[in-house]
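Written below as structure tokens is the structure these notes are about.
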2 protein chains.
Amino acid sequence: MENEKQMYIEECGLLFEKLGLTRMAGRAFGYLVVCDEDHVSFKQIQEALKASKGSISGTMKQLVQTGMAEAVSLPGDRKTYYRISKIKIGDMIRQRISQFIELADTLQKGDDLKNREDETSGWLTEASTFYYWIGDQLDGIIKTWENEKQKIIQQYHANKKEHST
Amino acid sequence: MENEKQMYIEECGLLFEKLGLTRMAGRAFGYLVVCDEDHVSFKQIQEALKASKGSISGTMKQLVQTGMAEAVSLPGDRKTYYRISKIKIGDMIRQRISQFIELADTLQKGDDLKNREDETSGWLTEASTFYYWIGDQLDGIIKTWENEKQKIIQQYHANKKEHST
DNA sequence: CATTTAGTTCAATAATTTTTGAACTAAATG
DNA sequence: CATTTAGTTCAAAAATTATTGAACTAAATG
């Protein structure tokens with residue numbers, strides 16, 4: 001079982017890497033998910049991941065800054081503890097979508113810059129508009145989620161098989 | 001003007017890097033956007049980007065494979081030409097969202113693996129469901145886009161100022 | 001069939017990113 | 001106020017990823 005958790009932690013490392021974050025950040029996140037306590041100390045994380053203090057220091061800053069973990073401090077205890085952050089569930093997607101806004105800006109800029117008025121130009125307008133539009137749609141979607149969360153979770157729980165890859 | 005295009009090409013390189021692709025792929029894409037022809041040869045790209053044949057070879061494969069560029073071949077000409085791909089506009093987002101499905105799977109798996117039944121567990125269920133759900137929503141959104149494209153583009157074109165940055 | 005053209009492959013190199021580890025700050029404790 | 005504890009910073013090392021360049025395939029041309 002502990003071995004399975006170790007494997008899970010490494011799996012998270014690789015997933016995070018694929019999402020453009022660091023492997024160590026993934027490991028730390030995975031550890032926060034499967035560890036047996038609600039929150040764990042810097043040292044526990046360091047020992048669990050067998051990494052240097054410097055590496056954990058940077059990694060935890062990354063996780064806190066991106067909102068994936070939160071620091072916990074306790075009265076009469078000068079250690080810093082960490083737990084996975086339960087807030088702002090839509091933010092990771094929102095942040096990703098903002099990259100598409102940037103892509104849209106870039107496509108539009110490229111269109112302005114080129115010396116031809118052709119099929120490509122039309123497509124660039126279409127593509128950039130698509131990315132702007134989908135960014136805007138997102139806010140509506142996240143609102144829907146907030147309002148109908150309970151209902152949606154029940155639904156997805158009922159037909160679990162339909163959505164498991 | 002040509003200098004501005006060069007700068008644009010480099011800007012695309014950096015953007016693509018941020019999106020998790022390679023800088024060279026971004027440069028090549030940028031070049032396809034601002035070049036004065038509809039399609040350009042392998043050699044033109046290589047010369048414009050001052051890169052090696054090997055690098056361009058790999059890069060163009062990447063762009064074609066991810067659907068961002070398409071190869072063009074002409075009768076009586078054994079060169080391969082490339083142009084930006086005008087098809088499958090939603091695919092890039094779809095592909096990105098599929099990463100969230102994977103994230104959802106991983107969160108759920110972590111929940112199953114841990115030895116506590118607590119607040120975190122509820123949150124993990126909520127988070128994984130959110131990512132499954134938003135993946136499903138996307139298909140509907142892309143369908144809406146396909147159906148109302150014209151109207152939406154007009155709308156966004158009319159109030160350009162509201163959406164620039 | 002030798003040569004040129006078009007592009008691929010892949011080992012070596014360059015560039016970048018991550019991780020370590022040692023020296024440091026800053027707060028608490030004896 | 002010296003020592004311990006908690007964590008940070010940053011230069012150097014390790015690991016990873018991208019790019020080059022040379023040798024190669026495969027098709028077309030003379």
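Bear in mind that the values here come from a model prediction, so they are computed numbers and not experimental data. Reminder, nothing fancy here: chain letters follow the sequence lines and each chain counts from 1.
In this structure, CG of A:Asp77 is placed 9 Å from P of D:dG7, rounded to the nearest angstrom. Atom CG in A:Leu74 sits about 19 Å away from atom P in D:dT5, given to the nearest Å. Look at CD on B:Gln46: it is 13 Å from C1' on C:dT5, rounded to the nearest Å. Rounded to whole Å, the distance from CG on A:Leu49 to P on C:dT18 is 16 Å. If you measure from atom CD of A:Glu47 to atom C1' of D:dT5, you get 14 Å, rounded to the nearest angstrom. Taking atom CD of residue B:Glu17 and atom C1' of nucleotide D:dA18, one finds them 10 Å apart after rounding to whole Å. When rounded to the nearest whole Å, the span between OH of B:Tyr81 and P of C:dA6 equals 8 Å.
Relative ring orientation between A:Phe130 and B:Trp145 is described as perpendicular, the plane-to-plane angle rising above 60° on a 0-90° scale split at 30° and 60°. Ring geometry for B:Tyr81 versus B:His39: interplanar angle over 60°, hence perpendicular rather than tilted (30 to 60°).
Taking five base pairs at each end of the helix from C:dC1-D:dG30 to C:dG30-D:dC1 and finding the rotation axis that steps the C1' atoms of four pairs onto the next four gives two axes whose angle is 10°, to the nearest 10°.
In terms of position along DNA chain C, the nucleotide closest to A:Met24 lies nearer the 5' end than the nucleotide closest to the other residue of the pair A:Met24 and A:Arg78. Checking B:Arg23 against A:Ser55, the closest nucleotide of DNA chain C that is more toward the 5' end is the one next to B:Arg23.
Paired with B:Tyr156 under the rule side-chain hydrogen bond (donor to acceptor under 3.5 Å, both in side chains), one option of A:Asp136, A:Thr125, A:Thr129 passes, and it is A:Asp136.
Phosphate contact (OP1/OP2 of C:dG21, side-chain N/O of A:Lys53, threshold under 4.0 Å): absent. Not one side-chain nitrogen or oxygen of A:Ser41 sits closer than 4.0 Å to the OP1 or OP2 atom of D:dA6. The phosphate of C:dT17 has neither OP1 nor OP2 within less than 4.0 Å of any side-chain N or O from A:Thr22.
Here A:Lys43 lies out of heavy-atom contact (under 4.0 Å) with every strand.
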